[in-house]
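What follows is a short report on a single structure.
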Amino acid sequence: MDALKTLNADLHCHSAVSDGTLEPEALAARAKANGVELWALTDHDEIGGQRRALAAAAALGLPYLTGTEISVTFADTTVHIVGLGFDADDAALATGLRATRGGRRERAMEMSDGLAKVGIAGAYDGALQYVGNPELISRTHFARFLVESKVCADTQQVFRKYLVEGKPGFVPHRWATLRNAVSWIVQAGGLAVIAHPARYKFSANEEYALFTEFKAHGGRGVEVVTGSHSSADATRYTETALEFELLASRGSDFHSPDESHIDLGALPALPAKLTPVWTALQERIHAPA
Ligand code: AMP
Ligand code: MN
Ligand code: MN
Ligand code: MN
């Protein structure tokens, strides 16, 4: 049991099927090389990379859980829900994700119009150059274009100056509902996890509502150790996990060797008093023969 608790699990990362730069096969190899012992690819609103990730992991002898990260609108804020261990052939999940992806193209064109108004021309076509999946143009692809074209020094600066609420390239968007996202995952046999909770700018009441409603819809986990959490964030959400009796997840949220400061598998362990999500997903793990 102790060995299971300290497993080097990395259950959050992105491939070129969403806004990562590496293909699923290259991510699998990087995870393996970095000592990851249980891996999940969690592309935004997409499961199109799951077969490839699973096959690549199996060939490397790397245990694998299916994964995705669903964009949700809750209290007028974008929240991400990670799904793990679902049936990748589930039709209702595929339909829900397709609906969630719909509208990204129009949103991107509006973002481009907003950027044009502050003198940045051609951002839509520029961002498209970095897109691996035509259904999944994201803010990350705009950020890559603005860095490559030297408008900004790095992606952090692009987000700060152009792509967050109130900035010229930000376009408000309605994503999936919390209820639907959790239901799609659960009905496909998976486990739903609140991703990187420290990133949302909720009031205490809103955060309480998020966790309460998430549980009421059947959600069971929360990311405690993740690329964007400080150690203080991890401590804070350890307490939240215990308070709400949630399983704890761990994932780098790796996107790219050039952009991500936390590499695959390079994370602190989950605090010992938490129960890892993978203890509840043992029968969903694709274990290499
Ligand atoms: P979208 O789904 O199009 O709204 O894009 C969201 C993605 O943008 C996230 O998954 C991150 O990969 C990236 N992102 C959001 N905020 C930042 C930030 N401050 N710095 C760098 N990347 C960010
Ligand atoms: Mn992303
Ligand atoms: Mn996220
Ligand atoms: Mn992510």
Side-chain angles (χ1 to χ4, degrees), residues 10-22 27 39-47 49 53 67-74 76-84 97 100-112 114-115 123-124 127-128 130-147 152-167 169-176 181 192-201 222-223 225-230 249-264 267:
D10 192 330
L11 305 181
H12 189 154
C13 70
H14 299 273
S15 77
V17 173
S18 64
D19 62 348
T21 59
L22 301 182
L27 279 172
W39 178 52
L41 170 65
T42 56
D43 278 312
H44 296 286
D45 309 324
E46 257 292 7
I47 50 174
T68 187
E69 181 178 20
I70 307 182
S71 311
V72 160
T73 302
F74 182 84
D76 292 328
T77 300
T78 299
V79 167
H80 287 168
I81 301 295
V82 163
L84 296 170
L97 293 179
T100 307
R101 290 193 298 273
R104 275 188 178 267
R105 192 165 167 273
E106 287 69 23
R107 170 194 187 232
M109 295 203 275
E110 279 186 57
M111 288 171 61
S112 187
L115 292 168
Y124 179 77
L128 265 189
Y130 299 93
V131 168
N133 172 357
E135 285 184 41
L136 217 118
I137 180 162
S138 89
R139 284 185 291 163
T140 314
H141 301 110
F142 281 86
R144 292 197 180 118
F145 168 65
L146 294 185
V147 172
C152 289
D154 55 38
T155 54
Q156 293 297 329
Q157 194 188 21
V158 181
F159 274 89
R160 218 168 38 239
K161 286 179 75 171
Y162 295 108
L163 299 182
V164 294
E165 200 166 349
K167 301 298 177 182
F170 183 81
V171 173
H173 195 73
R174 282 260 143 227
W175 302 106
V193 175
I194 296 176
H196 43 62
R199 279 190 26 195
Y200 314 126
K201 293 178 177 67
V222 59
E223 279 184 348
V225 171
T226 173
S228 55
H229 277 187
S230 65
S249 195
R250 176 178 189 265
S252 58
D253 207 357
F254 180 81
H255 282 73
S256 159
D258 299 325
E259 296 162 12
S260 300
H261 46 283
I262 305 290
D263 207 337
L264 283 160
L267 292 157

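Numbering of ligands and ligand atoms starts at 1, following listing order.
The distance criterion of under 3.5 Å between nitrogen or oxygen atoms is met by Asp19 with respect to ligand 1. Polar contact check, Arg104 against ligand 1: a nitrogen or oxygen pair lies under 3.5 Å apart.
Here the CG atom belonging to Leu264 is positioned 9.0 Å from the CG atom belonging to Leu267, to the nearest 0.5 angstrom.
For atom 15 (C) of ligand 1, the closest heavy atom belonging to the protein is Phe159 CE2, 3.3 Å.
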ask   = Tyr162 and Arg139: side-chain hydrogen bond (donor to acceptor under 3.5 Å, both in side chains), yes or no, with the steps?
value = CA-CA 10 Å; Tyr162 295 108; Arg139 284 185 291 163; over 6 Å; no
request  = In sequence, state the C-alpha distance, the side-chain angles, and the governing distance for Asp10 and Ser252, and then conclude on side-chain hydrogen bond (donor to acceptor under 3.5 Å, both in side chains).
outcome  = CA-CA 6 Å; Asp10 192 330; Ser252 58; 2.8 Å; yes
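When rounded to 10 degrees, the angle formed at the Mn ion (ligand 2) by OD2 (Asp19) and NE2 (His44) equals 100°. Rounded to 10 degrees, the OD1-metal-NE2 angle spanning Asp253 and His14 at the Mn ion (ligand 4) equals 90°. Here the Mn ion (ligand 4) is the vertex; the NE2 atom in His12 and the OE1 atom in Glu69 give an angle of 90° (to 10°).
Distances from atom 12 (O) of ligand 1 to the heavy atoms of Arg139, Gln157, His255, Arg160 put His255 nearest. In this structure, of Thr140, Val164, Leu136, the residue bringing a heavy atom nearest to atom 7 (C) of ligand 1 is Thr140. Counting heavy atoms only, Arg107 comes closest to atom 1 (P) of ligand 1 of the residues Arg107, His141, His44.
Proximity of Leu163 to ligand 1, defined as any heavy-atom pair under 4.0 Å, is not found for any part of the residue.
Listed by chain and number, the residues in a ring-ring contact (aromatic ring centres under 6.0 Å, His included) with His141 amount to none (sequence neighbours excluded).
Side-chain contact check for Glu223 and His229: no donor-acceptor pair (N or O, by modelled atom type) lies under 3.5 Å. In summary, the side chains of Asp253 and Thr226 do not present any donor paired with an acceptor at a separation below 3.5 Å, with no hydrogens or angles considered.
Aromatic ring orientation, His14 versus His44: parallel (interplanar angle below 30°, classes split at 30° and 60°).
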